[in-house]
Amino acid sequence: MDDQTRMLTGLTGLGGLAQADVGDPDSVRKQQSLGQPQQDIGDILQQIMAITDESLDEAQARKHALNCHRMKPALFSVLCEIKEKTVLSIRGVQEEDPPDPQIMRLDNMLLAEGVSGPEKGGGSAAAAAAAAAAGGSPTDSSIEHSDYRAKLAQIRQIYHSELEKYEQACSEFTNHVMNLLREQSRTRPISPKEIERMVAIIHRKFSSIQMQLKQSTCEAVMILRSRFLDARRKRRNFNKQATEVLNEYFYSHLSNPYPSEEAKEELAKKCGITVSQVSNWFGNKRIRYKKNIGKFQEEANLYAVKTAVDAANVSAQASQANSPATPNSGGYPAPCYTPDGRL
DNA sequence: CTGAATGATTGGCG
DNA sequence: CGCCAATCATTCAG
């Protein structure tokens with residue numbers, strides 16, 4: 001009903017329009033000089049209205065006749081114009097908003113993470129090789145790193161294949177709609193501009209899918225990062241030798257177990273860990289020692305003896321009578337030799 | 001599987 | 001900023 005009334009109003013208004021400033025005044029004038037355009041339009045209208053009552057064959061024949069009608073082009077352009085002015089102007093208000101900031105943010109992030117953008121297979125391989133070559137000891141982090149990269153590559157691959165699928169689907173659908181509209185435009189007033197707009201609408205709809213894809217990819221990358229780059233999750237115990245070195249220092253400096261920056265660097269180098277790891281270790285050790293000295297008795301005695309033995313060994317020849325000097329004078333309680341482990 | 005050990009992180013303090 | 005204390009998250013031994 002809506003369509004019919006709209007068509008009616010469109011067509012009844014045609015008389016005025018045709019005489020005023022319709023797309024092709026020449027043809028209109030020709031029509032007028034040839035006969036009675038009003039009559040023609042009335043006929044067309046009648047035919048259009050009757051179409052639904054006809055059989056398919058009749059309709060096809062009628063359609064063909066209508067398509068061949070000399071008035072058809074003029075009428076078509078007029079209808080397009082009317083449609084342009086009424087329906088499309090409403091929808092045309094929401095003009096092309098510049099690329100969604102959200103999607104731009106996601107794009108930037110994906111680019112930064114190396115998910116989108118150019119394939120850097122050679123680069124990463126070279127980096128891995130360099131890392132492998134650089135560390136005489138396998139540093140462990142290079143392994144984790146390559147693992148991380150492998151997972152990232154996986155995400156990247158999924159992302160790209162999904163994006164490809166998405167793009168294919170989008171263009172397929174767009175083509176389909178365009179073909180359909182072009183087909184329809186032979187019988188329905190559809191201007192190229194309208195098709196263009198339809199395409200834009202489709203793209204906008206599809207871009208929300210794209211955004212979702214990018215969003216979930218970003219999330220996956222974030223999860224991966226937190227999995228691998230949060231050291232807390234990938235904690236490795238220091239090797240035995242390292243803890244030995246640290247404990248030796250700790251118990252031989254029990255009165256003041258606060259290594260200077262230089263001492264920390266020295267220890268870090270000796271243990272193959274970072275300075276901040278040394279700081280962490282001492283922080284943990286101090287608090288845990290203080291909290292339960294009894295528990296650390298054994299260890300304390302062990303290292304006390306160890307350092308004593310070492311000292312003795314070093315200065316064995318120098319003097320036999322040297323008593324093991326325990327450098328203890330405050331701060332933390334000295335490890336007394338209490339068998340029951342209580343103080 | 002469970003609990004202890006342990007490296008790392010966080011928030012507060014001086 | 002460095003340290004302490006509490007806490008988290010993982011590893012490891014039983």
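Quick caveat, the model's predicted, so the values are computed rather than measured.
A:Ala263 pairs by the side-chain contact (heavy atoms from CB on, under 4.5 Å) definition with A:Tyr249, A:Pro259, A:Ser260, not counting sequence neighbours. Legend: residues meeting side-chain hydrogen bond (donor to acceptor under 3.5 Å, both in side chains) with A:Gln157, ordered by chain and number and at least two apart, are absent. Considering only residues two or more places apart in sequence or on other chains, A:Glu164 meets the side-chain contact (heavy atoms from CB on, under 4.5 Å) condition with none of them. Applying the salt bridge (charged side-chain N to carboxylate O under 4.0 Å, His left out) rule to A:Lys165 yields the partners A:Glu162; only residues at least two apart in sequence or on another chain are considered. Residues that satisfy the side-chain contact (heavy atoms from CB on, under 4.5 Å) test with A:Cys271, not counting sequence neighbours, are A:Ala242, A:Val245, A:Leu246, A:Ile273. Among residues two or more places apart in sequence or in another chain, the side-chain contact (heavy atoms from CB on, under 4.5 Å) test is passed with A:Glu244 by A:Lys240, A:Glu248, A:Tyr303, A:Lys306. Not a single side-chain hydrogen bond (donor to acceptor under 3.5 Å, both in side chains) links A:Arg288 to another residue, sequence neighbours left out.
Judged by closest nucleotide on DNA chain C, A:Pro259 is the one of A:Pro259 and A:Arg288 placed further toward the 5' end.
To the nearest angstrom, C1' of B:dT6 lies 12 Å from CG of A:Leu246. Computed from coordinates, the A:Ile287 CD1 to B:dG12 C1' distance equals 13 Å when rounded to whole Å. Between A:Lys285 atom NZ and B:dT6 atom C1' there is a gap of 10 Å when expressed in whole angstrom units. Protein atom CZ of A:Phe238 is 9 Å distant from nucleotide atom C1' of B:dA8, rounded to whole Å. Between A:Asn284 atom CG and B:dG7 atom P the separation is 7 Å, expressed in whole Å.
With hydrogens and angles left out, the side-chain atoms of A:Asn237 and A:Arg235 include a donor and acceptor closer than 3.5 Å.
Proximity of A:Arg286 to the phosphate of C:dC4: a side-chain N or O atom is located under 4.0 Å from OP1 or OP2.
Between A:Tyr289 and A:Phe250, the ring planes lie perpendicular to each other; the angle is over 60°, past the 30° to 60° tilted range.
Of the residues in residues 263-282 of chain A, A:Gln277, A:Asn280, A:Trp281 come within less than 4.0 Å of DNA chain B through at least one heavy atom, sorted by number.
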For nucleotides 3-5 of chain B, tabulate all protein N/O to nucleotide N/O atom pairs closer than 3.5 Å, reporting atom names and distance.
residue	atom	partner	partner atom	Å
B:dA5	OP2	A:Lys295	NZ	3.4

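Closest to the A:Lys291 side chain, of the nucleotides C:dA6, B:dT6, C:dA5, is C:dA6.
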